[in-house]
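Side chains included, hydrogens not; waters and symmetry mates left out as well; all remaining heavy atoms used. Note that the structure is a prediction, hence the values are computed from the model and not measured.
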Amino acid sequence: MPSPGRPSQRVANDNTPSPAPPAPVAVTPGPRASRFQDIYHKALRATVKANSYENFAACFPTPARHVPASLESVHRQLNAKLEEGATAEFNEVLKEREVVKGLNELDRLVGDARRRKNDGESESSAPPHLLGADGLYQAHLAPFLQHAQDTLNAKLETTQSQNAELADRIIAQRKEMESLLSGLEAVMTDLEGSAKASTQYSKEHSLRQKSMQVDEDIEKRDAI
């Protein structure tokens, strides 16, 4: 039985130790920060080198012809001032924007991601005790929400397919109705023509009968 003043071994084993906090980001330039500074200095030297004495002297032909040594000294001092000023401004920007710290943090994240990949860990895996309320909420609901989304997507695809079939069927039925209406109009035109011809024939037949009746009456009268 454990003594009152000493915690039991079981309780100590049940407490999951929290992972150590991440190491502080170093202010000494890391690989990316060093490479970034090296690229800048190379570009600056190339820019200053482009301002050669020949190009500079072409802008001042008279001093170049009469006092070339003095003009060359001015050219060297100007390039030195340009390089010094650009370097100072670059360093000031690095300090204000904490570029070195940010690039070092990027180095750390990339290294940590590579380590996780080599260890077979998921990029999004994290110890449960490091997850916040939103992370735990999403972790519990993510499978259900994914299943619901897949189901809705399948139903949506089925509905869209059925709607496309219905649209094709409606278009076919409209074409069939238009064809039937055209045929009905043709039949109506034929019927109207037949009715007109029948009416005309009835009138002519009636006149013929009346004419025959008159002839018969005349023949009877002559016979008497």
Side-chain angles (χ1 to χ4, degrees), residues 15-150 152-153 156-157:
N15 293 331
T16 304
S18 299
V25 180
V27 295
T28 303
R32 280 178 171 77
S34 299
R35 180 59 177 164
F36 178 67
Q37 292 177 344
D38 183 56
I39 292 174
Y40 173 78
H41 290 304
K42 286 182 178 179
L44 178 60
R45 286 194 295 269
T47 302
V48 173
K49 187 177 180 181
N51 184 26
S52 63
Y53 176 74
E54 289 77 11
N55 296 334
F56 184 74
C59 298
F60 305 96
T62 301
R65 186 168 53 253
H66 297 287
V67 285
S70 299
L71 187 61
E72 187 175 357
S73 177
V74 171
H75 170 258
R76 286 196 303 268
Q77 293 177 11
L78 177 61
N79 281 355
K81 286 293 184 180
L82 287 174
E83 187 172 359
E84 181 182 353
T87 301
E89 186 174 355
F90 175 72
N91 292 333
E92 186 65 23
V93 172
L94 290 181
K95 182 178 179 181
E96 290 180 358
R97 303 294 183 179
E98 296 184 345
V99 176
V100 174
K101 182 178 180 181
L103 291 176
N104 288 348
E105 176 65 14
L106 179 59
D107 288 335
R108 187 189 68 79
L109 292 175
V110 171
D112 186 60
R114 288 175 178 172
R115 179 187 60 78
R116 288 173 179 269
K117 183 178 180 180
N118 293 334
D119 294 343
E121 298 181 14
S122 173
E123 295 182 0
S124 59
S125 62
H129 58 276
L130 294 182
L131 294 175
D134 185 70
L136 291 173
Y137 171 79
Q138 294 293 336
H140 282 287
L141 287 183
F144 171 78
L145 294 177
Q146 184 63 41
H147 176 71
Q149 182 177 1
D150 294 340
L152 290 176
N153 289 338
L156 180 60
E157 292 178 358

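Residue Asn79 holds its CG atom at 12.0 Å from NZ of Lys49, rounded to the nearest 0.5 Å. Interatomic distance, Thr47 OG1 to Tyr40 OH, rounded to the nearest 0.5 Å: 8.5 Å. With rounding to the nearest 0.5 angstrom, the OG1 atom of Thr62 is 10.5 Å from the CG atom of Leu71.
In this structure the side chain of Phe36 never reaches within 4.5 angstrom of the side chain of Pro31, judged on heavy atoms.
The main-chain N or O of Asn51 is found under 3.5 Å from a side-chain atom of His75 such that the two form a donor-acceptor pair. Not a single donor-acceptor pair under 3.5 Å links the side chain of Asp112 to the backbone N or O of Arg108. Of the possible donor and acceptor atoms, none in the side chain of Asp38 sits under 3.5 Å from a partner among the backbone N and O of Ser34. A donor-acceptor distance shorter than 3.5 angstrom exists from the side chain of Asn104 to the backbone of Gly30, with no hydrogens or angles considered.
Contacts of Phe60 classified as ring pair (Phe, Tyr, Trp, His ring centres under 6.0 Å), with partners at least two apart in sequence or in another chain: Phe56. Among residues two or more places apart in sequence or in another chain, the salt bridge (Lys or Arg N to Asp or Glu O under 4.0 Å) test is passed with Glu83 by none.
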(request) Please lay out, stage by stage, how Leu103 and Arg35 fare under the test side-chain contact (heavy atoms from CB on, under 4.5 Å). (result) CA-CA 10 Å; Leu103 291 176; Arg35 180 59 177 164; over 6 Å; no
(message) Assess the residue pair Val100 and Gln37 against the criterion (side-chain contact (heavy atoms from CB on, under 4.5 Å)); give the C-alpha distance rounded to whole Å, side-chain angles, the decisive distance to 0.1 Å, and a yes or no.
(response) CA-CA 9 Å; Val100 174; Gln37 292 177 344; 4.0 Å; yes
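Counting heavy-atom neighbours within 6.0 Å of Arg65 CZ, excluding the residue itself, gives a total above 12. Annotation for His147: atom NE2 does not count as buried by contact number, only 12 or fewer foreign heavy atoms lying within 6.0 Å.
Between Glu72 and Arg76, at least one side-chain N (NZ, or NE/NH1/NH2) sits under 4.0 Å from a carboxylate O, which counts as a salt bridge.
Of all heavy-atom pairs spanning Ala50 and Asn55, the tightest one is O-ND2, 3.1 Å.
There is a side-chain donor-acceptor pair under 3.5 Å between Gln146 and Asp150.
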